[in-house]
Amino acid sequence: MNVHDSEQMAALLADCGYKTTANVKLADLVLLNTCAIREKAAQKAYSELGRIGLLKKQNPNLVIGVGGCLAQHLGSKFHKMIQHLDFVFGTHNIHRLPEMVATVEKNREKITKIDFHKSCMSIGIYAPPANGARSAFVSIMQGCNNFCAYCVVPYLRGRETSRPPEGIIEEITKLASAGIKEVTLLGQNVNSYGNTLEKQTTFAQLIKEIGAIEGIERIRFTTSHPRDLSEALINCFADEKKLCEHIHLPVQSGSNRILRLMNRGYTREDYLKKVDRLRQVCPGISITSDIIVGFPGETEKDYQETIDMMEKIRFDSTFSFKYSERKGTAAESLEGKISEPEKQQRLKYLQDLQNRHTMQKNMELEGSIQKVLIEGRSKNSEYDLMGRTSSWKIVNFKGNSELIGKLTDVKITKSFLHSLRGKLIEEVGNVHRDESIGVDN
Ligand code: SAM
Ligand code: SF4
């Protein structure tokens with residue numbers, strides 16, 4: 001979501017004549033888009049801002065702005081903490097960037113804009129795809145109403161608001177004419193899409209409408225709240241051919257007691273049932289998740305229930321985190337805080353287990369033929385192309401650059417923890433044959 005917010009910021013500034021540079025020393029303006037989800041993210045932002053501040057010594061006219069969730073959280077306090085900041089803007093004020101930059105350039109005054117807007121203007125900003133890009137993010141909603149006990153998002157991104165479908169369809173149609181083949185729909189809880197709209201549209205209906213847009217070949221979305229994952233959306237994995245075979249479904253914990261304390265609104269049994277349904281309608285579906293260890297009061301038994309859940313489900317991959325206390329959240333006042341070494345130990349075991357599961361899942365794909373959207377040249381070898389399977393796995397294989405942007409059949413020859421190795425399959429009439437030109441490995 002932050003990556004997409006940054007793309008929107010760059011698009012707005014491009015309209016004002018700014019160009020991006022890979023060399024920060026040449027910049028006239030530096031923007032830092034921050035995250036506040038865990039303390040580690042906030043600390044990273046402070047140290048980065050320290051480094052950026054040093055550039056003002058060489059270039060006193062340099063303009064420095066900070067946006068995102070940390071900016072929303074600190075507001076004008078940010079100016080007191082870090083003197084060299086020129087402007088601070090919150091999550092609902094991206095669209096005011098050109099106006100803020102112009103004011104700072106003209107008057108050299110310090111600015112803070114962190115007010116919330118009921119209908120957030122920042123979600124519909126069109127970011128033209130980068131040259132050669134085939135995949136794009138599209139925001140379909142903003143904010144969150146769930147108030148999970150550990151999470152700052154509802155406080156920093158405001159209440160949930162859905163973007164009307166007409167604007168979404170228009171944006172995706174424009175992206176398709178610019179060469180985009182794959183869209184990832186973004187929202188904190190896409191399953192409740194439509195709840196705030198005057199004319200109700202469900203998320204499943206939205207997916208169908210997007211599926212009808214010519215040129216779009218793949219649809220992805222993130223994130224899905226397990227409580228609100230509807231039967232209609234599950235069925236889309238069988239009926240909507242353009243919907244990729246992947247769902248990111250954050251479970252957070254496998255213990256009913258902890259899920260209740262987290263205010264998640266589902267039980268482990270509910271979650272397991274939904275996973276079963278997803279696998280019934282789409283047997284090849286890849287399921288990924290988020291897990292927090294060391295939530296206040298998490299006993300060894302609770303933790304073992306999370307491990308048991310992972311053994312039962314065997315996720316394709318997970319993002320796992322040590323609980324990080326956030327000011328103002330409900331969990332801040334809960335008793336039974338877990339020590340850092342204990343959290344670290346729980347996380348380590350869980351991540352080792354996940355690595356074994358990911359490796360097994362990837363090995364199961366060896367010998368299979370996967371449709372791969374070729375994104376570009378591989379970072380690891382100049383001879384290789386890189387693409388993703390429908391299930392969101394990275395595949396590297398030999399091939400020439402003319403294939404970039406194509407959806408192609410690739411035979412998986414070897415699996416690794418973070419990627420797959422493959423071989424291009426060439427269509428000859430209706431017969432598939434392996435493309436064996438070049439060095440094999
Ligand atoms: N909206 C999504 C959902 O409902 O799962 C995820 C939003 S959050 C930006 C991404 C992940 O960060 C969460 O799923 C959670 O696992 C993790 N997270 C959020 N707050 C956290 C905290 N205080 N400490 C550790 N992890 C946290
Ligand atoms: Fe945070 Fe929960 Fe909302 Fe996700 S659903 S953004 S975890 S409050």
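Basis for what follows: all heavy atoms, side chains included, without hydrogens, waters or symmetry-related copies. Every number for a ligand or one of its atoms is a count from 1 in the order of the listing. Keep in mind that what you see is a predicted model, and the values were worked out from it rather than measured.
A donor-acceptor distance shorter than 3.5 angstrom exists from the side chain of Lys242 to the backbone of Ile216, with no hydrogens or angles considered. Remark: the backbone N or O of Leu334 is paired with a side-chain donor or acceptor of Lys337 at under 3.5 angstrom. Formation of a donor-acceptor pair under 3.5 Å by the Ser289 side chain with backbone atoms of Leu249 is found in this model. Here the side chain of Tyr303 pairs a donor or acceptor atom with the backbone of Arg346 at under 3.5 angstrom. Between the side chain of Arg279 and the main chain of Pro283, no donor-acceptor pair closer than 3.5 Å is present.
Note on ligand 1: Arg264 sits in its first shell, one or more heavy atoms being nearer than 4.0 Å. For the ligand labelled ligand 1, residue Ile37 lies inside the 4.0 Å heavy-atom shell. Distances shorter than 4.0 angstrom do not occur between any heavy atom of Glu325 and any atom of ligand 1.
If you look at Tyr150 next to ligand 1, the close heavy atoms, those under 4.0 Å, come from the backbone and the side chain alike. By the criterion of a heavy-atom distance under 4.0 Å, the side chain of Arg38, and not its backbone, is placed next to ligand 1. Looking at Lys322 against ligand 1, only its backbone comes within 4.0 Å, counting heavy atoms.
A cation-pi geometry, defined here as NZ or CZ lying under 6.0 Å from the six-membered ring centre and within 45° of its normal, holds between Arg38 and Phe321. Judged by the 6.0 Å and 45° rule, Lys414 forms a cation-pi pair with Phe416.
For the residue pair Ser135 / Glu182, a side-chain donor-acceptor distance below 3.5 Å is found, with atom types taken as modelled.
For atom 7 (S) of ligand 2, the nearest non-hydrogen atom of the protein is Tyr150 OH, 3.4 Å. The single protein non-hydrogen atom nearest to atom 16 (O) of ligand 1 is Gln252 OE1, 2.7 Å, given as residue, atom name and distance. Scanning the protein heavy atoms around atom 22 (C) of ligand 1, the nearest turns out to be Ser324 O, 3.6 Å. Protein heavy atom in closest approach to atom 10 (C) of ligand 1: Asp290 OD2, 3.7 Å. From the protein, the heavy atom lying nearest to atom 6 (C) of ligand 1 is Gln188 OE1, 4.1 Å.
Around atom 2 (Fe) of ligand 2, protein atoms of type N, O or S found under 2.8 Å number 1.
For ligand 1, the atoms sitting less than 4.0 Å from at least one non-hydrogen atom of Tyr323 are 24 (N), 25 (C), numbered in the order shown with element in parentheses.
If you check each of Val190, Thr223, Asn2, Thr329 against atom 3 (C) of ligand 1, the one with the closest non-hydrogen atom is Thr223.
Between atom NE2 of residue His246 and atom NZ of residue Lys393 there is a gap of 8.5 Å, rounded to the nearest 0.5 Å. Taking CG from Asn191 and NE2 from His225, the interatomic distance works out to 9.0 Å, rounded to the nearest 0.5 Å.
Here the shortest heavy-atom pairing between Ala176 and Ile213 reads CB-CG2, 4.3 Å.
Among residue pairs with one or both ends in residues 156-178, none qualify as ring-ring contact (aromatic ring centres under 6.0 Å, His included); sequence neighbours excluded.
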